[in-house]
Colleague: 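Can you read through this structure? Questions will come right after.
Just so we're on the same page: letters track the sequence lines, and every chain starts at 1. What's counted below: heavy atoms across the whole structure, side chains too, no hydrogens, waters or symmetry copies. Just so you know, these numbers come straight off a predicted model, no measurement behind them.
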There are 2 protein chains.
Amino acid sequence: MTRGMSSCEQCIARQLNSMNTLTKDELKQVSACKITRSYKKGDIIFNENEMLNGVYCVREGICKLTKMSENGKDQTIKLLGEGELIGQRSIISEERTNLSAIALNDVKVCFVPKEQILSNIKSNQEFSFKVLQSLAQDLREAEDDLINMAQKTVRQRLAEALIYVSKSFGVNEDGYLSVNLSREEYASIVGTATESAIRILSQFKKEGLISTQGKTIKIENLNDLGRVE
Amino acid sequence: MTRGMSSCEQCIARQLNSMNTLTKDELKQVSACKITRSYKKGDIIFNENEMLNGVYCVREGICKLTKMSENGKDQTIKLLGEGELIGQRSIISEERTNLSAIALNDVKVCFVPKEQILSNIKSNQEFSFKVLQSLAQDLREAEDDLINMAQKTVRQRLAEALIYVSKSFGVNEDGYLSVNLSREEYASIVGTATESAIRILSQFKKEGLISTQGKTIKIENLNDLGRVE
DNA sequence: TTTAAACTATGATATTAGTCATGTTTTTCA
DNA sequence: TGAAAAACATGACTAATATCATAGTTTAAA
């Protein structure tokens with residue numbers, strides 16, 4: 001480790017969108033507990049209905065939050081990249097998780113024990129307010145997603161999912177999305193059948209909106225993709 | 001006003017699910033600003049994309065939070081009854097509202113200025129944590145709603161909407177739901193066409209799950225209604 | 001109390017998306 | 001590197017829901 005901030009500190013600080021929220025002493029404490037865990041593609045970080053004893057901060061890789069429904073399909077709620085926190089809602093509510101967290105590729109997280117986070121929330125007003133703001137932001141996003149789910153077609157939602165992945169996780173040097181999700185995973189984000197996702201991606205290809213190479217996808221026309229009907 | 005707690009205090013206290021969160025002095029301050037506003041059925045409390053300068057606490061009546069989508073339909077996100085807060089998310093994020101709040105019947109709210117709420121959040125750790133917990137709860141509900149929207153049929157969602165209204169706002173002496181929503185309003189909660197909502201309610205009636213008298217609805221078989229496929 | 005407006009009801013038809021079946025391509029790993 | 005597994009692709013059919021049309025009922029207000 002280099003001097004200055006540890007990765008844990010960076011995670012927390014970045015997530016909360018402020019480098020000056022915790023005092024130096026508090027940061028030192030957070031960095032003191034640098035328990036790092038590694039997961040491979042497909043590994044479960046935690047399952048639905050578990051009690052967590054801390055929050056996870058993604059240092060490397062991408063995770064998804066999903067929930068299995070009665071009919072056996074699972075719904076992806078959110079993708080999380082570097083610097084994002086997982087599990088804070090459950091810790092704050094003191095409830096079991098309602099989602100599972102799964103690694104989408106090789107993932108490293110740092111684990112911050114519950115007591116640590118809660119004590120910072122309770123003793124540091126500014127930090128606490130940042131957490132409040134980040135929950136408020138998540139809530140707004142969830143409400144927007146709900147409206148999209150209710151009112152847009154599968155085609156529109158899939159187009160938006162591609163744009164979301166592109167904006168959140170970027171593209172590589174050839175312009176292909178740097179996160180490779182299977183058609184099944186796209187279907188889970190959009191809330192549709194895998195075959196429907198495949199079919200619509202084929203349409204997008206025919207219409208010149210995207211191109212593919214195996215499972216990797218490249219957005220060819222972002223503007224039109226954002227306007228599909 | 002009688003001595004003891006004012007209505008505003010009661011609103012805040014009830015919402016935050018704790019009578020001991022604010023100190024007596026803080027409660028006195030909150031109660032000092034008892035600006036009460038009245039709205040009639042259909043009145044707009046605030047619109048989408050407004051800057052709020054405070055939060056509203058419902059003292060009487062029911063409100064809905066809705067968002068108009070591009071195709072002209074509006075989606076109801078949540079119904080709010082007595083004791084519930086409106087606008088806290090926008091105040092915390094310091095953003096414009098993304099939903100409008102509309103009175104579903106005659107409504108009285110008390111208005112708590114932004115500075116008041118924010119100063120309590122910033123100076124009272126326990127109060128702040130309660131707000132945090134209530135946002136975490138809202139977030140969980142929004143995630144659950146998203147999954148329902150994605151994975152359940154219109155029929156199932158409508159059944160759940162009826163149960164939700166019944167549990168949240170109760171029934172009158174004859175067993176009829178005490179909140180009277182039009183079929184159009186149910187459609188807006190469920191995210192479907194008004195005709196579909198009407199058709200499904202007719203089916204429920206034929207199946208003996210509910211009965212109706214004009215627009216008022218009575219749940220006849222709560223168990224089976226909760227299990228429709 | 002009557003009359004318009006709003007709401008509820010239902011049939012016919014169109015559209016969207018899901019399911020099942022089958023074949024092809026890509027990826028993985030022994 | 002070659003076979004098996006996983007993922008992708010597409011056709012045919014079905015089910016769910018939306019849309020359009022029309023008519024009956026209830027509500028509210030003059």
Colleague: What does the inter-axis angle of the helix from C:dT1-D:dA30 to C:dA30-D:dT1 come out as, five pairs per end, nearest 10 degrees?
Modeller: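 Taking the rotation axis at each end, their angle is 50°.
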
Colleague: Compute whether any side-chain donor of one residue and acceptor of the other, for A:K73 and A:S188, lie under 3.5 angstrom apart.
Modeller: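 There is no such pair between these side chains.
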
Colleague: Got a list of protein N/O to nucleotides 15-18 of chain D N/O distances below 3.5 Å?
Modeller:
unit_1, atom_1, unit_2, atom_2, d
D:dT17, OP1, B:V154, N, 2.9
D:dA18, OP1, B:T192, OG1, 3.4
D:dA18, OP2, B:T192, OG1, 2.4
D:dA18, OP2, B:S196, OG, 2.8

Colleague: Please collect all ring pair (Phe, Tyr, Trp, His ring centres under 6.0 Å) contacts where either partner lies in residues 161-180 of chain B, sequence neighbours excluded, each pair once.
Modeller: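 Of all non-adjacent pairs touching residues 161-180 of chain B, none passes ring pair (Phe, Tyr, Trp, His ring centres under 6.0 Å).
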
Colleague: State, without any angle test, whether B:E220 and B:S211 hold a side-chain donor-acceptor pair at a distance under 3.5 Å.
Modeller: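 A pair is found: one side chain offers a donor N or O, the other an acceptor, under 3.5 Å apart.
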
Colleague: Name all pairs fulfilling the ring pair (Phe, Tyr, Trp, His ring centres under 6.0 Å) condition that reach into residues 54-98 of chain A, sequence neighbours left out, sorted by first residue then second.
Modeller: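 The answer is A:F46-A:Y56, A:Y56-A:F111.
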
Colleague: Pairs under 3.5 angstrom only: tabulate donor-acceptor contacts from the side chains of residues 193-200 of chain A to other protein residues two or more places apart or in another chain.
Modeller:
none

Colleague: Write down the distance between CD (A:Q151) and P (C:dT16), rounded to a whole number of angstrom.
Modeller: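 Taking atom P of C:dT16 as the reference, CD of A:Q151 is at 16 Å.
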
Colleague: Contacts to DNA chain C from residues 179-187 of chain B, heavy-atom cutoff under 4.0 Å, which residues?
Modeller: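 Nucleic-acid contacts, sorted: B:S182, B:R183.
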
Colleague: Got a sec, which pairs hit salt bridge (Lys or Arg N to Asp or Glu O under 4.0 Å) with one end in residues 160-182 of chain A, sequence neighbours left out?
Modeller: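 Sorted pair list: A:K152-A:E160.
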
Colleague: Return the set of residues passing salt bridge (charged side-chain N to carboxylate O under 4.0 Å, His left out) with A:E94 (not counting sequence neighbours), or none when no residue passes.
Modeller: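 Applying salt bridge (charged side-chain N to carboxylate O under 4.0 Å, His left out) to A:E94 gives none.
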
Colleague: Counting primed atoms plus P, OP1 and OP2 as sugar-phosphate and everything else as base, spell out the protein contacts along nucleotides 21-30 of chain D at 4.0 Å heavy-atom distance: B, S or - for each nucleotide, 5' to 3'.
Modeller: ----------

Colleague: Residues two or more places apart in sequence or in another chain: which of them pass salt bridge (charged side-chain N to carboxylate O under 4.0 Å, His left out) with A:R227?
Modeller: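 Applying salt bridge (charged side-chain N to carboxylate O under 4.0 Å, His left out) to A:R227 gives A:D224.
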
Colleague: What is the distance, rounded to the nearest whole Å, between atom CG of A:L158 and atom P of C:dG18?
Modeller: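 So the two atoms are 12 Å apart, to the nearest Å.
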
Colleague: List for me each residue that meets salt bridge (charged side-chain N to carboxylate O under 4.0 Å, His left out) alongside B:D144, sequence neighbours excluded, and say none if there are none.
Modeller: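 Listed in chain order: A:K67, B:R140.
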
Colleague: Please give, in whole Å, the distance from C:dT26 P to A:I217 CD1?
Modeller: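 In whole Å, C:dT26 P lies 15 Å from A:I217 CD1.
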
Colleague: Is B:E82 salt-bridged to B:R59, going by a charged N under 4.0 Å from an acidic O?
Modeller: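 No, this pair does not count.
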
Colleague: Taking atom NZ of A:K218 as the centre, report whether more than 12 heavy atoms of other residues, nucleotides or ligands fall under 6.0 Å from it.
Modeller: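 Yes - once you tally the heavy atoms of other residues, nucleotides and ligands closer than 6.0 Å, there are more than 12.
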
Colleague: Taking only residues two or more places apart in sequence, or in another chain, which ones meet A:K78 in a salt bridge (charged side-chain N to carboxylate O under 4.0 Å, His left out)?
Modeller: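 Testing A:K78 for salt bridge (charged side-chain N to carboxylate O under 4.0 Å, His left out), a comparison that skips the adjacent residues, returns A:D138, A:E141.
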
Colleague: Can you tell me if A:T194 touches the phosphate of D:dA7, counting only side-chain N or O atoms and a distance under 4.0 Å to OP1 or OP2?
Modeller: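 For A:T194, the contact criterion (side-chain N or O under 4.0 Å from OP1 or OP2 of D:dA7) is not met.
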
Colleague: Would you tell me whether A:S93 and A:R89 have side-chain atoms, one donor and one acceptor, within less than 3.5 Å of each other?
Modeller: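 Note: A:S93 and A:R89 side chains meet the donor-acceptor criterion.
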
Colleague: Measure CD/A:Q203 against P/C:dT16 and give the value in whole Å, please.
Modeller: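 Atom-to-atom, A:Q203 to C:dT16, this comes out as 10 Å.
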
Colleague: In whole angstrom, what separates A:L201's CG from D:dA7's C1'?
Modeller: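 Going from A:L201 (CG) to D:dA7 (C1'), I get 13 Å.
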
